[in-house]
**Student:** 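So that we are looking at the same thing, I have put the structure below in structure tokens.
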Amino acid sequence: MKSEPSEFGIDDLKTRKTAHWDGVRNYQARNYMRDMKKGDRIFFYHSSCPEPGIVGIAQVVREAHPDHTAFDRKNDHYDPKSDPDNPTWMMVDVKFVRKLGRVISLEALKADSRLDGFALTRRGNRLSVMPVSDAHAEVVLGLASSR
DNA sequence: GCCAACGTTGGC
DNA sequence: GCCAACGTTGGC
């Protein structure tokens, strides 16, 4: 899952312990969130910042439920088309697990051929929520712990 | 700030 | 249903 650290970064999650992953307004990303199960682990990715990359791990603590920020006129992610009786947008709740020992930079992710096919590094990818295969997750965790 | 890539909107 | 115009994302 991607977030801009200037808006909400891994340190914010660490402080808050848990958070609603609200504001997702893309159908494909929403669908991936709907598929998430309690206990699923999440790589936390920092985007639009000096060193884009994977910075930590979070975990699903509550499965998809309506994103109330879509109904709030004053919210940046307000969507007048989302009907409270049949909400368009969903969110999951996540909790902080840990920060990685170091940032696994986008550059490093792209450079590793074992990660070919990883949605995050696919050209033109703009999804803020995407799946990670077990094999790719192992590689990323390996990069995080190797020297 | 630039720009490629993509998603959404709306006229037809 | 097509597609041009527009808006957004996000790396650089």
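Proteins come first, then strands; the chains are lettered A, B, ... in the order of their sequence lines, and each starts at number 1. All values below come from the heavy atoms of this structure, side chains included, with hydrogens, waters and symmetry mates left out.
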**Student:** Rounded off to whole Å, could you give me the CG-to-P distance for the A/L127 and B/dG7 pair?
**Tutor:** 7 Å
**Student:** If I take atom NE2 in residue A/H77 and atom P in nucleotide C/dT8, what distance separates them, rounded to the nearest angstrom?
**Tutor:**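 That distance rounds to 12 Å.
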**Student:** Here's a test for you: under side-chain hydrogen bond (donor to acceptor under 3.5 Å, both in side chains), which of A/T88, A/D79, A/T69 qualifies with A/R25?
**Tutor:**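 Testing each of A/T88, A/D79, A/T69 against A/R25, the sole residue satisfying side-chain hydrogen bond (donor to acceptor under 3.5 Å, both in side chains) is A/T69.
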**Student:** The side chain of A/Q28 lies closest to which of these nucleotides: B/dG7, C/dG10, C/dC12?
**Tutor:** B/dG7
**Student:** Look only at the side chain of A/Q59 and the backbone of A/G39, and say whether a donor-acceptor pair between them is shorter than 3.5 Å.
**Tutor:** yes
**Student:** Do A/I57 and A/L141 touch side chain to side chain, with heavy atoms closer than 4.5 Å?
**Tutor:** yes
**Student:** Output the rounded distance in Å from CD (A/E4) to P (C/dT8).
**Tutor:**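 The distance from CD of A/E4 to P of C/dT8 comes to 13 Å, rounded to the nearest Å.
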**Student:** Look at A/K2 and C/dG10 and indicate whether a side-chain polar atom (N or O) is within less than 4.0 Å of OP1 or OP2.
**Tutor:** yes
**Student:** Whole angstrom is fine here: how far is it from CZ in A/R30 over to C1' in B/dT8?
**Tutor:**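 These atoms are roughly 15 Å apart.
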**Student:** Out of curiosity, A/T18 OG1 to A/R62 CZ, how far, rounded to the nearest 0.5 Å?
**Tutor:** 11.0 Å
**Student:** Side chain of A/K110 only, heavy atoms from C-beta on: which candidate in C/dG10, C/dC12, B/dG7 is closest?
**Tutor:**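 Comparing C/dG10, C/dC12, B/dG7 against the side chain of A/K110, the answer is C/dC12.
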**Student:** Could you state the CG-P distance from A/N26 to B/dT9, rounded to the nearest angstrom?
**Tutor:**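 It works out to 11 Å between those atoms.
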**Student:** Nearest to the side chain of A/K81, which nucleotide is it out of B/dT9, C/dG11, B/dG7?
**Tutor:** B/dT9
**Student:** Under a 4.5 Å side-chain heavy-atom rule over Ile, Leu, Val, Met, Phe, Trp and Tyr, are A/V24 and A/W89 clustered together?
**Tutor:** no
**Student:** Considering only B/dT9, B/dA5, C/dC12, which nucleotide approaches the side chain of A/R123 most closely?
**Tutor:**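 Nucleotide nearest to A/R123's side chain: B/dA5.
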**Student:** Starting at CD of A/E51 and ending at P of C/dC12, how long is that distance when rounded to a whole Å?
**Tutor:** 11 Å
**Student:** Can you tell me the distance, in whole Å, between the CG atom of A/N125 and the P atom of C/dT8?
**Tutor:**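 Distance, rounded to whole Å: 19 Å.
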**Student:** Calculate the interatomic distance between A/M130 atom CE and B/dA5 atom P; express it in whole Å.
**Tutor:**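 Computing the A/M130:CE to B/dA5:P distance gives 17 Å.
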**Student:** Quick one: is C/dG11 close enough that its OP1 or OP2 comes under 4.0 Å of any side-chain N or O from A/Y45?
**Tutor:** yes
